[in-house]
Each structure stands twice: as C-alpha cells, then as structure tokens.
Q: 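Can you read through this structure? Questions will come right after.
All ligand and atom numbering here is 1-based and tracks the order in the structure. The structure presented is a predicted model; accordingly, all values stated were derived computationally and were not measured. Sequential numbering from 1 along the given sequence is applied to the chain's residues.
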Amino acid sequence: MAKIVLGPASVELGKKVAQELGADAISVEAKSFPDGESYIRIVDDISGERVIVAQSTYSPQDKHLMQLLLLLDAARDLKASEIIAVVPYFAYSRQDKRFRLGEAVSVETVVKLIEAAGADSFVTVDVHTEKILNLFKIRAMNVSAMATIGKYFSRFKLKEPYVLAPDEGSVDRARTVAGQLAAEYSFFQKQRDRVTGTIKTEARDVDIKDRDVVIVDDIISTGLTIANVASILREQGARTIYVACTHPLLLPGAKEKIFAAGASEIVGTDCIQSDVSRISVASVIAESLRKIM
Ligand code: R5P
C-alpha cells in the first residue's frame, strides 16, 4: 500500500483519502522563509515506498505549485519507488491555448514541470478540459466529482429539478448531475472578452418556471459566470436556484454577487478548502487510485 504525503494545500482531503485507502498519511513541514521562498520537509522515511503526493494548487497558486514541485522532487530524491501526484485543483488549466499572440500556454509549462519534478502518474479532479491530459507523457487521469454533487442534491426535496451548465464546456457535468436527480438538463452560451474579462451570457429557452434549478460548473472564480446565469433564471421564474462547483476558488465578492443574483445556496468540494466545501472528493480520488495501484 502507498503512503500519502499530505501537501500543505490538501491536508484534510489527503487524510480522508488515506483513510479510504487504509494507507499511512505522512506529514509535511512547510514554512516560508522571511523573503517568501518555500521550505518543505517530508517528515517520514519514504525510501522504497510507493508515494502519493496530495497537493491542490488553488490560491496562492504559485506558492502551492512550488510546494508541489518541491514535494515531488524531494520524494524522488528520497528514493520513493513510485510517485503519484494527486492535484485536485489543477491551476493554470484554463490557459490551455494561445488566445492572443505572444501568450504563454501556461498549462503546458506546468505539465512539463510536474513531469520533470518526478511524478510517474498524475490524478486530478474535474479538469477544465480533458484535452489537457494528452499533454502529459506520464499516465494522467481525471476523476469527476459530479456524481457526488448529484448525490448531495438528491437528499434535497427538489421541485421538478432542472440542471443547467453556464456554458457548453460544462454540459457533460450537468448531464452527470442530472442523471443522479433524474432531472432534465441544458446549457447556456457564454462569451468572455479575453482582454477585459467581461462575460456575456446568452440564455436558451429552458422550461424552468416555478422549478428548482441547480447550476453546475467546474470552477467559480469571480462569480460572474454564475451570477449572470442566476439572474437570467430568476427572471425566467425559477423557484429556487442552487449553485454547485468542484473548485470554489471564490475570489472576494464572488459569493455576494451570486447571492445578489438570486441563488440560495453555493456548495463546492474539498478540492479547495473553503467555507462552502461541504462535499468531499476523497472517495472518488481513492477509487481512481485503487485502479492504478
Ligand atoms: C470557464 O470556462 C470555467 O468553466 C468557469 O465557468 C469559469 O472559470 C468561472 O469563472 P468566473 O467565476 O470568474 O466567472
């Protein structure tokens, strides 16, 4: 059985995954030097061990990414026999192409760094687009939290539930959640201005009058995407609007924007530790790890 190294960004989730797998959890000593550089120490002996490094890369992304790289490289240097990087939130995954001349394709850089640091396999959750996995030369897997999110809402007594994705990229996610709720689903169209960041949402004709709607997305960052959708749904007469995402980045003001647009609840997973992270992805991660160990 593997040992799970608890990266500073995923201590609680890493412990839950260890529990699910019946694996040992290994602590990490992490601190910042006075000038801001990261210090990392894997506290137990991992020589000859198969090691899972659990470290999400939410905000502060660059700090958490650097900690991940230090952990992977230290694990290799400390002679772990195999290293599996579990990165529940994969930062930089939205910059997966050159949208404007001269831009860095950031996710390509991050993939190269993870491989160079020593990972033998890579596991993430609801990656922005699965195409990214093809950039890896090592084994790379994506697991989805959407069925778990669907199960969370199945405990509610939803009235004629309807699941909506804010853009076409999330329609498969909406389908999975809808499957758990025996609900209908659809998506809106979204356009983002690459320079100003403003978002235009084009509504489709959806029959949601007096029904409970669950909006699902992979990431909530500024909250603009979801707030646009929620206000359209409210105008169209939705009864209650619930919001769910895998990665609640939730920048300052995001929740307020979404509630002001008419949502009653925002829920996310523990891919990111936040005050809305009421759904755990520990089981789905553990299940995927069992398949490759
Ligand atoms: C982008 O396509 C993603 O799926 C999310 O919709 C987006 O990241 C949400 O960002 P924000 O909350 O800033 O609108």
Side-chain angles (χ1 to χ4, degrees), residues 56-61 64-65 87-100 103 105-107 110 124-133 142-146 149-150 163-178 185-204 206 213-234 241-263 265-269 271-277 279 281:
S56 211
T57 51
Y58 56 87
S59 177
Q61 287 86 342
H64 288 152
L65 180 62
V87 184
Y89 173 67
F90 188 29
Y92 291 102
S93 59
R94 285 173 289 178
Q95 185 70 23
D96 61 343
K97 53 183 158 212
R98 186 162 289 125
F99 298 95
R100 301 173 65 213
E103 285 180 347
V105 185
S106 315
V107 74
V110 175
T124 189
V125 185
D126 285 325
V127 68
H128 184 54
T129 151
E130 292 220 5
K131 278 186 294 184
I132 289 168
L133 302 179
N142 179 50
V143 299
S144 178
M146 289 297 147
I149 289 175
V163 182
L164 197 80
D167 55 36
E168 201 167 355
S170 272
V171 69
D172 287 344
R173 301 184 180 111
R175 184 183 302 122
T176 308
V177 173
Y185 67 93
S186 186
F187 62 95
F188 281 174
Q189 296 283 4
K190 178 176 89 175
Q191 274 178 348
R192 188 188 289 271
D193 184 312
R194 291 277 157 202
V195 180
T196 61
T198 50
I199 291 166
K200 271 198 206 140
T201 305
E202 206 180 296
R204 288 156 67 101
V206 284
V213 185
V214 182
I215 310 172
V216 291
D217 208 353
D218 55 340
I219 300 168
I220 302 178
S221 179
T222 63
L224 273 176
T225 299
I226 299 289
N228 278 3
V229 174
S231 56
I232 293 170
L233 293 174
R234 191 171 55 175
I241 300 167
Y242 299 94
V243 172
C245 70
T246 309
H247 307 294
L249 284 175
L250 293 175
L251 299 191
K255 279 193 291 187
E256 291 75 5
K257 228 176 272 166
I258 292 170
F259 286 131
E265 176 174 344
I266 305 170
V267 68
T269 79
C271 286
I272 293 177
Q273 293 173 13
S274 82
D275 59 352
V276 306
S277 303
I279 299 172
V281 291

Q: Per the salt bridge (Lys or Arg N to Asp or Glu O under 4.0 Å) rule, what does the pair list look like for residues 245-254, sequence neighbours excluded?
A: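 The answer is none; no pair qualifies.
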
Q: Suppose we screen for ring-ring contact (aromatic ring centres under 6.0 Å, His included). Which residues come up paired with Y58, at least two apart in sequence or across chains?
A: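 Listed in chain order: H64.
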
Q: Mind checking side-chain hydrogen bond (donor to acceptor under 3.5 Å, both in side chains) for Y185 and listing every partner two or more places apart, or none if nothing turns up?
A: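 If we apply the side-chain hydrogen bond (donor to acceptor under 3.5 Å, both in side chains) test to Y185, skipping adjacent residues, the hits are R175.
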
Q: To the nearest 0.5 Å, what is the distance between CG (N228) and CD (E202)?
A: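 Here the interatomic distance stands at 12.5 Å.
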
Q: With a 4.0 angstrom cut-off on heavy atoms, strictly below it, pick out the residues next to ligand 1 and order them by chain and number.
A: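 For ligand 1, the residues that come within the 4.0 Å heavy-atom cutoff are R94, H128, D167, K190, R192, I199, D217, D218, I219, I220, S221, T222, G223, L224, T225.
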
Q: Within the side chain of R204, is there an N or O that forms a donor-acceptor pair under 3.5 Å with the backbone of Q189?
A: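 No; zero donor-acceptor contacts below 3.5 Å.
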
Q: Can you tell me how far the CG atom of N142 sits from the CD1 atom of I132, to the nearest 0.5 Å?
A: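 These two atoms lie 9.0 Å from each other.
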
